[in-house]
Trainee: 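What follows is a structure written as structure tokens; I'll ask about it next.
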Amino acid sequence: QVQLVESGGGLVQPGGSLTLSCAASTATLEHYGIGWYRQAPGKEREAIICMSSSETLIEYADSVRGRFTVSRDNAKSTVYLQMNALKPEDTAVYYCTAEMYYYCSGYLGGTYDMDYRGKGTLVTVSS
């Protein structure tokens with residue numbers, strides 16, 4: 001069982017930036033596919049980013065492409081989500097997910113759930 005803990009959420013003004021972290025309980029994240037999804041109040045969840053376990057494939061949803069960037073430090077078992085040019089519609093609870101040897105098939109389409117998920121961190125974009 002892998003525990004994931006997100007952090008870094010908070011209140012930010014439109015146009016601002018925020019970096020989320022996701023710390024895993026494993027010794028390393030090597031060989032894990034990583035994903036982020038978000039859920040705004042009263043809305044369906046939206047998968048926004050997937051990085052394959054080989055790190056050769058990174059997929060971004062249209063809604064965040066060009067503004068959000070995912071990265072990882074396998075040795076620290078931590079994934080990062082850099083969010084720039086934030087908009088009020090980015091307000092949501094953000095969750096990180098992980099699964100070993102996963103190559104992102106179906107993730108952004110919302111048809112696949114990875115094995116592990118954190119409890120989320122709230123991001124509020126408001127003036």
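This is a predicted model, so every value here is computed, not measured.
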Trainee: Starting from the C-alpha separation in whole Å, work towards a yes-or-no answer on side chain to side chain donor-acceptor pair (under 3.5 Å) for Ser54 and Thr56.
Mentor: CA-CA 5 Å; Ser54 65; Thr56 56; 2.6 Å; yes
Trainee: Within the side chain of Ser77, is there an N or O that forms a donor-acceptor pair under 3.5 Å with the backbone of Thr26?
Mentor: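 Yes.
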Trainee: Does the Thr28 side chain pair with the main chain of Asn74, one donor and one acceptor, at a distance under 3.5 Å?
Mentor: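 Such a contact is found between Thr28 side chain and Asn74 backbone.
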Trainee: Heavy-atom distance under 4.5 Å between the side chains of Trp36 and Val79, does that happen here?
Mentor: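 Touching, per the 4.5 Å side-chain cut-off.
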Trainee: Specify the closest pair of heavy atoms between Ile34 and Ala98, including all atoms of both residues, with the distance to one decimal.
Mentor: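 Scanning both residues, the minimum pair turns out to be CD1-CB, 3.8 Å.
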Trainee: Compare every heavy atom of Leu20 with every heavy atom of Tyr94, then report the nearest pair and how far apart it is.
Mentor: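 Closest pair (atom of Tyr94, atom of Leu20, distance): CB-CD1, 3.6 Å.
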Trainee: Between Tyr107 and Thr97, do the side chains contain an N or O donor and an N or O acceptor separated by less than 3.5 Å?
Mentor: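 Their side chains do contain a donor-acceptor pair, which is all the 3.5 Å distance test asks for.
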Trainee: Compare every heavy atom of Ala24 with every heavy atom of Val2, then report the nearest pair and how far apart it is.
Mentor: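 Minimum heavy-atom contact is CG1-CB, 4.3 Å.
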Trainee: Tell me if a side-chain donor or acceptor on Glu59 pairs with a main-chain N or O of Cys50 at a distance below 3.5 Å.
Mentor: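 Looks like no, no N/O pair under 3.5 Å.
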Trainee: Could you go through the side-chain contact (heavy atoms from CB on, under 4.5 Å) check for Val70 and Ile58 one step at a time?
Mentor: CA-CA 8 Å; Val70 66; Ile58 302 177; 3.7 Å; yes
Trainee: Would you compute the distance between atom CZ of Arg38 and atom CG of Leu81 and round it to the nearest 0.5 angstrom?
Mentor: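 One gets 9.5 Å once the value is rounded to the nearest 0.5 Å.
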Trainee: Checking Glu6 side chain against Ser21 main chain: does a donor-acceptor pair fall under 3.5 Å?
Mentor: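 Absent.
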Trainee: Could you walk me through whether Leu108 and Tyr60 satisfy the side-chain contact (heavy atoms from CB on, under 4.5 Å) test, starting with their C-alpha distance in whole Å, then the side-chain angles of each, then the deciding distance to 0.1 Å, before giving a yes or no?
Mentor: CA-CA 8 Å; Leu108 288 192; Tyr60 292 91; 5.6 Å; no
Trainee: Would you tell me whether Thr19 and Gln82 have side-chain atoms, one donor and one acceptor, within less than 3.5 Å of each other?
Mentor: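 Per modelled atom types, Thr19 and Gln82 side chains form a pair under 3.5 Å.
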Trainee: Hey, is the main chain of Met100 close enough, under 3.5 Å, to the side chain of Ser53 for a donor-acceptor pair?
Mentor: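 Judged by distance alone, no pair lies under 3.5 Å.
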Trainee: Carefully, step by step, assess Arg65 and Asp62 under the rule salt bridge (Lys or Arg N to Asp or Glu O under 4.0 Å).
Mentor: CA-CA 5 Å; Arg65 188 179 295 114; Asp62 290 344; 2.5 Å; yes
Trainee: Out of curiosity, Cys22 SG to Tyr116 OH, how far, rounded to the nearest 0.5 Å?
Mentor: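 Taking SG in Cys22 and OH in Tyr116, the distance rounds to 13.5 Å.
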Trainee: Identify the two heavy atoms, one from Gly9 and one from Val123, that lie closest to each other, and give their separation to 0.1 Å.
Mentor: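 Smallest interatomic distance, heavy atoms only, reads CA-CG2, 4.2 Å.
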Trainee: Decide whether Met114 and Leu29 are clustered together by the hydrophobic rule: side chain heavy atoms of Ile, Leu, Val, Met, Phe, Trp, Tyr closer than 4.5 Å, transitively.
Mentor: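 No, because Met114 and Leu29 fall into different hydrophobic clusters, even though each may have its own neighbours under 4.5 Å.
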Trainee: So, taking the atom named OG1 in Thr69 and the one named OH in Tyr80, what distance separates them when rounded to the nearest 0.5 Å?
Mentor: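 It is 14.5 Å, given to the nearest 0.5 Å.
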Trainee: Between Ser126 and Leu11, is any pair of side-chain heavy atoms under 4.5 Å apart?
Mentor: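 Side chain of Ser126 against side chain of Leu11, heavy atoms only: contact under 4.5 Å found.
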Trainee: Identify the two heavy atoms, one from Ser105 and one from Tyr112, that lie closest to each other, and give their separation to 0.1 Å.
Mentor: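 So the minimum-distance heavy-atom pair works out to O-CB, 3.8 Å.
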Trainee: Would the distance check show the side chain of Ser52 and the main-chain N or O of Leu57 forming a donor-acceptor pair, the cut-off being under 3.5 Å?
Mentor: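 At least one qualifying donor-acceptor pair exists.
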Trainee: Please report the C-alpha distance between Glu46 and Ser63 in whole Å, then the side-chain angles of each, then the deciding distance to 0.1 Å, and finally whether the side chain to side chain donor-acceptor pair (under 3.5 Å) criterion is met.
Mentor: CA-CA 10 Å; Glu46 177 190 17; Ser63 57; 2.6 Å; yes
Trainee: With no hydrogens and no angle check, do the side chains of Arg72 and Tyr32 hold a donor and an acceptor under 3.5 Å apart?
Mentor: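 Distance-only check fails for Arg72 and Tyr32.
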Trainee: Checking Ser17 against Asn84: is there a side-chain donor and acceptor pair closer than 3.5 Å?
Mentor: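 Asn84 vs Ser17: donor-acceptor pair found between side chains.
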Trainee: Classify the ring geometry of Tyr95 against Tyr37: parallel below 30°, tilted from 30° to 60°, perpendicular beyond 60°.
Mentor: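 Correct class here is parallel.
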Trainee: If you take all heavy atoms of Met51 and Ser71, which pair is closest and at what distance?
Mentor: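 It is CE-CA, 4.3 Å.
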